[in-house]
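This report refers to the structure that appears directly beneath it.
In the text below, chain A, chain B and the rest are named by the order of the sequence lines, each starting its count at 1.
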Protein chains: 2
Amino acid sequence: MTIQVFGHKSPDTDSTGSPIVWAWYLSEVKGTPAKPVLLGEPNTEAAFVLKHWELDKPEIISDVEAGAPVVIVDTNNPAELPDAINTADIRAIIDHHKLVGGLETKGPIDITVRPLACTATILYDLMGEAVAQAPRGIKGAMLSCILSDTLEFRSPTTTDHDRNVAQALATDLDVDMNALATRMFEAKSDVSAFSDAELLRMDSKEYTVAGKELRVSVLETTAPKVVLDRKDSLMASMVDVAKEDGADQVLLFVIDILKEEATLLIPNDLVKDMAEKSFGASVTGDTVVLPGIMSRKKQIIPSLTL
Amino acid sequence: MTIQVFGHKSPDTDSTGSPIVWAWYLSEVKGTPAKPVLLGEPNTEAAFVLKHWELDKPEIISDVEAGAPVVIVDTNNPAELPDAINTADIRAIIDHHKLVGGLETKGPIDITVRPLACTATILYDLMGEAVAQAPRGIKGAMLSCILSDTLEFRSPTTTDHDRNVAQALATDLDVDMNALATRMFEAKSDVSAFSDAELLRMDSKEYTVAGKELRVSVLETTAPKVVLDRKDSLMASMVDVAKEDGADQVLLFVIDILKEEATLLIPNDLVKDMAEKSFGASVTGDTVVLPGIMSRKKQIIPSLTL
């Protein structure tokens, strides 16, 4: 039975590219039939990456069948996976996020979690010498995943190892990383087609802080003005999104990739207090700039207090 | 701050030896101060292994302090770990059991789970060329862990890789594996000093099957008669142990390492029915022999039905 390889819901570049890379490795190198699938439409950057490297867009699935063999990449969080995930035959988990608990397996399986910026970096290590056999599109997907997750090495999640692997891939492919990253970030910044609710849910994770359910959304962009021009309707939309998703509050951090700062929208006093307590910010209007804040995982979540 | 490395409660050879091996690697190779600790008295086999390889018995701790840096080996189950485990600073998890969920980390960490028979085999792989630098006691501990967890390669959990690593270590150490395993199993079989309740809890894990809380205990021995001669008092003790530990039933499988079979005690109709349904056994007296059954993980747990 063909193994389905997938990342998290609302797939970004790493959750779109890493399943393609790993399914190639399982099928072509390990001789274990596997195919990449997606748990939703890829974001605009991931769609650009597929097109750029001439990769087929994987099939989108809405759930998994009981007993179906699957490999999970780029998450270990059941909330970001199909509802029936614990009924599937989970064969392996490869991830770079904190362990949240909740996934269960029937027997011992391969689990590899590393504190690196990108799943594709871990895949590169696990593949070892087989990387040399990978076609251009597979190597290109790995490079794009790393450029995406590290924001071209600007994110504080970046490790020397992510950088070295990206450099090795770029040299091998004879690709100008800066030019590729620029085109990727432009694609990600093109959010004109999305509704406010879609923007709020595009790159969003739920966390519980001091008993409050927070939906912590980020938008990484090279054109923050495009998003911030919509701040009034975005803040209005937060109320509905929070209600529909069972959250107490939606937070939106607009990450300026080039200036290396975040702008947090301040729709109410709860978020104002949170911004002041969490980041030592002094808030006067309905936005606040947080210099140097680029990473939800490394900077935002560890700081959030209420 | 020195990292504490530990395995599960009721430490067997793998949960005693692997912390010693990994703490050596972290301290001496990686330059990260670490020390092995135990979550209880090592079993008689593990005590023999410490003495045989002239290793110091690690300190026994009863809990961990909030924020203390720790590395967990040979389990990912919070029930087998200190109560305060999720308040500790978990730096890494290295294990070969199924994922049960429940452990949480504050950030992304190193997690390596592999479907191998023994944690020490994974440590050997992770250490790579550094194995060559390991002193005799460290290599000997790894070899003993593998012989213990594989029951000298008789257990169906054994993989070719476990076998190859053990063989490489034995060759390097110039050790007769069969002679070493025989002495280890003799040590494990010497259960005369233990009360019935201690025997029932010595190598025991809790599982929920069809809504019943089962304490599934195994005793691996080369002298099953010594244990089976005590079957009446062991079955009487099951009632108290189940009550004290909040379980519905204790199951005791006496594993005959040399004959490669298990004898299950049958204290009541619940266990009789379970033996018949789970293993297709035909039960007449107060014990039943299950030919070929050696592994709780691979054979007993996947079969248990009510």
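Paired with Pro115(A) under the rule side-chain contact (heavy atoms from CB on, under 4.5 Å), one option of Ile111(B), Ile109(B), Asp110(B) passes, and it is Asp110(B).
The contact list for residues 88-105 of chain B toward chain A, using heavy atoms and a distance under 4.5 Å, reads Ile93(B), His96(B), His97(B), Lys98(B), Leu99(B), Val100(B), Gly101(B), Gly102(B), Leu103(B), Glu104(B), Thr105(B) by residue number. The stretch residues 63-82 of chain B places none of its residues near chain A, where near means some heavy atom under 4.5 Å from a heavy atom of that chain.
Contacts between Lys298(A) and chain B at a heavy-atom distance below 4.5 Å are absent for every atom of the residue.
Annotation for Lys106(A): atom NZ counts as buried by contact number, over 12 foreign heavy atoms lying within 6.0 Å.
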